[in-house]
Colleague: 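Got a structure for you, written out below as structure tokens; questions coming shortly.
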Amino acid sequence: MVRGVIFDMDGLMLDSERLTSGFWKQAGERIGADIPMEFLDSFRGRNPQAIQEAFLEQFGPEFEFERCRDIKTQLQHEYVKKEGMPLKKGLTELLDYLKEKGIRMAVATSTDRRLADAMLEKAGVREYFDAFVYGDMVERSKPYPDIFLKAAEEIGVTIEECLVLEDSIAGVEAGKAFGGYIIHIPDIILVPDAVKEGITAQFESLFDVIGWIESRNY
């Protein structure tokens, strides 16, 4: 029985990962740093503290991380305000279905709170959710399950009755460690088969999740 669904945001609900990578690269150029795409891929799904640690390890302790991050965030805010954020296939249908069935919903994202709220609001989906958990609300980043445990607590649903939807390597690992259902929806990062071993299912789009819940619940 599924009584709660926990959504990642970037790359799962919103088609934002490609854009975010571009903003990081633009920010790096402005401070004279070449940020490789392979490096950006390495920390997808992780919280701000883990990202900072990754940058300092990659570029050294003298790297102006806060300046780079602030430029990237400003670029992203400007884009979201002007252009909005494209939704992933099947999101609206899944949200409407869950709302109709009375299934509780939470967002569990490592993205900064202010930026995440702006993105969800501009995308027109924020009002669907019963709870929001951001990376700065838990001590440990994905691949630890802390953010999902907090989300389940916020919506008042047991782990065994929660479904986590994720696209990233760190997110899938965190979902497995969480202990409920975990479904992988692929985005731009290839999640190795070894990481996906033991997951509940993998579907091509969020729309496919509706049928899976129907078969599980009814």
Colleague: Go through the steps to decide whether Val2 and Val157 satisfy the test side chain to side chain contact (heavy atoms under 4.5 Å, CB included), and finish with yes or no.
Modeller: CA-CA 9 Å; Val2 176; Val157 178; over 6 Å; no
Colleague: Can you name the ring pair (Phe, Tyr, Trp, His ring centres under 6.0 Å) partners of Phe65, sequence neighbours left out?
Modeller: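 Here the qualifying residues are Phe55.
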Colleague: Determine, step by step, whether Gln202 and Ile182 satisfy the side chain to side chain contact (heavy atoms under 4.5 Å, CB included) criterion, reporting the C-alpha distance in whole Å, the side-chain angles of both residues, the deciding distance to 0.1 Å, and the verdict.
Modeller: CA-CA 9 Å; Gln202 174 176 300; Ile182 168 68; over 6 Å; no
Colleague: Taking all atoms of both residues into account, what is the closest heavy-atom pair of Gly28 and Cys68, and its distance?
Modeller: N-SG, 4.0 Å
Colleague: Counting only heavy atoms not in Glu127 (residues, nucleotides, ligands), do more than 12 fall under 6.0 Å from its CD?
Modeller: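 Yes - once you tally the heavy atoms of other residues, nucleotides and ligands closer than 6.0 Å, there are more than 12.
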Colleague: Kindly give the cluster partners of Met1, where membership spreads through any ILVMFWY side chain lying under 4.5 Å from a current member.
Modeller: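 Cluster partners of Met1: none, it stands alone.
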Colleague: By salt bridge (charged side-chain N to carboxylate O under 4.0 Å, His left out), which residues pair with Glu29, not counting sequence neighbours?
Modeller: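 None.
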Colleague: Check the hydrophobic clustering (I, L, V, M, F, W, Y; side-chain heavy atoms under 4.5 Å; chains of links allowed) and say if Ile213 and Ile183 are grouped together.
Modeller: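 Yes, same cluster.
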Colleague: Output yes when a side-chain donor or acceptor of Lys122 lies under 3.5 Å from a complementary backbone atom of Lys81, and no otherwise.
Modeller: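 Yes, Lys122 side chain to Lys81 backbone: donor-acceptor pair under 3.5 Å.
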Colleague: Does a salt bridge link Asp8 with Lys142, judged by any charged N lying under 4.0 Å from a carboxylate O?
Modeller: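 Answer for the salt bridge query: yes.
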Colleague: Linking Ile, Leu, Val, Met, Phe, Trp and Tyr by side-chain heavy atoms under 4.5 Å, what else ends up with Tyr144?
Modeller: none
Colleague: Tell me, please, which residues at least two apart from Arg67 pass salt bridge (charged side-chain N to carboxylate O under 4.0 Å, His left out).
Modeller: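 Salt bridge (charged side-chain N to carboxylate O under 4.0 Å, His left out) list for Arg67, sorted by chain: Glu64.
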Colleague: Would you list the pairs meeting salt bridge (Lys or Arg N to Asp or Glu O under 4.0 Å) in which at least one residue belongs to residues 188-198, sequence neighbours left out?
Modeller: Asp193-Lys196
Colleague: Using the rule that Ile, Leu, Val, Met, Phe, Trp and Tyr join whenever any side-chain heavy atoms are under 4.5 Å apart, tell me whether Phe39 and Leu190 fall into a single cluster.
Modeller: no
Colleague: Does atom CD of Glu83 have more than 12 heavy-atom neighbours, drawn from other residues, nucleotides or ligands, at distances under 6.0 Å?
Modeller: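 Count over threshold, so yes.
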Colleague: Keeping the roles fixed (side chain from Thr73, backbone from Asp70), state whether a donor-acceptor pair exists under 3.5 Å.
Modeller: no
Colleague: Taking the six-membered ring of Phe207 (Phe, Tyr or Trp), confirm whether the NZ or CZ of Lys88 is under 6.0 Å from its centre and within 45° of its axis.
Modeller: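 No, Lys88 and Phe207 do not form such a contact.
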Colleague: Please enumerate all residues that pass ring pair (Phe, Tyr, Trp, His ring centres under 6.0 Å) together with Phe129, with sequence neighbours excluded.
Modeller: Phe7
Colleague: side-chain hydrogen bond (donor to acceptor under 3.5 Å, both in side chains) with Asp10: which residues, sequence neighbours excluded?
Modeller: Ser16, Thr111
Colleague: Any salt bridge (Lys or Arg N to Asp or Glu O under 4.0 Å) pairs touching residues 43-53, not counting sequence neighbours?
Modeller: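 Of all non-adjacent pairs touching residues 43-53, those that pass salt bridge (Lys or Arg N to Asp or Glu O under 4.0 Å) are Glu17-Arg44, Asp41-Arg44.
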Colleague: Has the side chain of Arg3 got a donor or acceptor atom that lies under 3.5 Å from a matching backbone atom of Glu161?
Modeller: no
Colleague: Keeping Asp130 on the side-chain end and Met105 on the backbone end, is there a donor-acceptor pair under 3.5 Å?
Modeller: yes
Colleague: Scan Val5, Val125, Leu87 and name whichever one has a side chain to side chain contact (heavy atoms under 4.5 Å, CB included) with Leu95.
Modeller: Val125
Colleague: Walk me through whether Ile185 and Leu12 qualify under side chain to side chain contact (heavy atoms under 4.5 Å, CB included).
Modeller: CA-CA 7 Å; Ile185 309 293; Leu12 188 283; 3.8 Å; yes
Colleague: My understanding is that only residues two or more places apart in sequence, or in another chain, count here; which of them pass side-chain hydrogen bond (donor to acceptor under 3.5 Å, both in side chains) with Thr200?
Modeller: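 Residues passing side-chain hydrogen bond (donor to acceptor under 3.5 Å, both in side chains) with Thr200: none at all.
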Colleague: Determine whether a donor-acceptor pair (N or O, by modelled atom type, separation under 3.5 Å) exists between the side chain of Ser110 and the backbone of Gly45.
Modeller: yes
Colleague: Under the criterion side chain to side chain contact (heavy atoms under 4.5 Å, CB included), I'd like the reasoning laid out for Leu206 against Lys89: C-alpha separation, chi angles, the key distance, then a yes or no.
Modeller: CA-CA 6 Å; Leu206 292 168; Lys89 180 182 177 182; over 6 Å; no
Colleague: Counting only N and O atoms by type, is there a donor-acceptor contact under 3.5 Å from the side chain of Lys25 to the main-chain atoms of Asp34?
Modeller: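 Flag not set: sc Lys25 to bb Asp34 has no pair under 3.5 Å.
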Colleague: Give a yes-or-no answer on whether the side chains of Tyr134 and Asn47 include a donor-acceptor pair shorter than 3.5 Å.
Modeller: no
Colleague: Between Arg126 and Phe132, is NZ or CZ placed under 6.0 angstrom from the six-membered ring centre and within 45° of the ring axis?
Modeller: yes
Colleague: Are the side chain of Asp208 and the backbone N or O of Ser205 linked by a donor-acceptor pair below 3.5 Å?
Modeller: yes
Colleague: Under the ring pair (Phe, Tyr, Trp, His ring centres under 6.0 Å) rule, collect the residues that match up with Phe23, sequence neighbours excluded.
Modeller: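 Residues passing ring pair (Phe, Tyr, Trp, His ring centres under 6.0 Å) with Phe23: Tyr79.
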Colleague: Suppose the criterion is salt bridge (Lys or Arg N to Asp or Glu O under 4.0 Å): which pairs have a residue in residues 149-159, not counting sequence neighbours?
Modeller: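 The answer is Lys150-Glu154.
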Colleague: Answer yes or no: is there a donor N or O on one side and an acceptor on the other, between the side chain of Asp112 and the main chain of Arg114, under 3.5 Å?
Modeller: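 Indeed, once roles are kept as given, a pair shorter than 3.5 Å links the two residues.
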Colleague: Of all heavy-atom pairs between Gln58 and Pro36, which one has the smallest distance, and what is that distance?
Modeller: NE2-CG, 4.4 Å
Colleague: Using every non-hydrogen atom in the two residues, find where Ala152 and Phe178 come nearest and quote the distance to one decimal.
Modeller: CB-CZ, 4.0 Å
Colleague: Please answer: with hydrophobic residues joined when any side-chain heavy atoms are less than 4.5 Å apart, are Leu94 and Ile155 in the same cluster?
Modeller: no
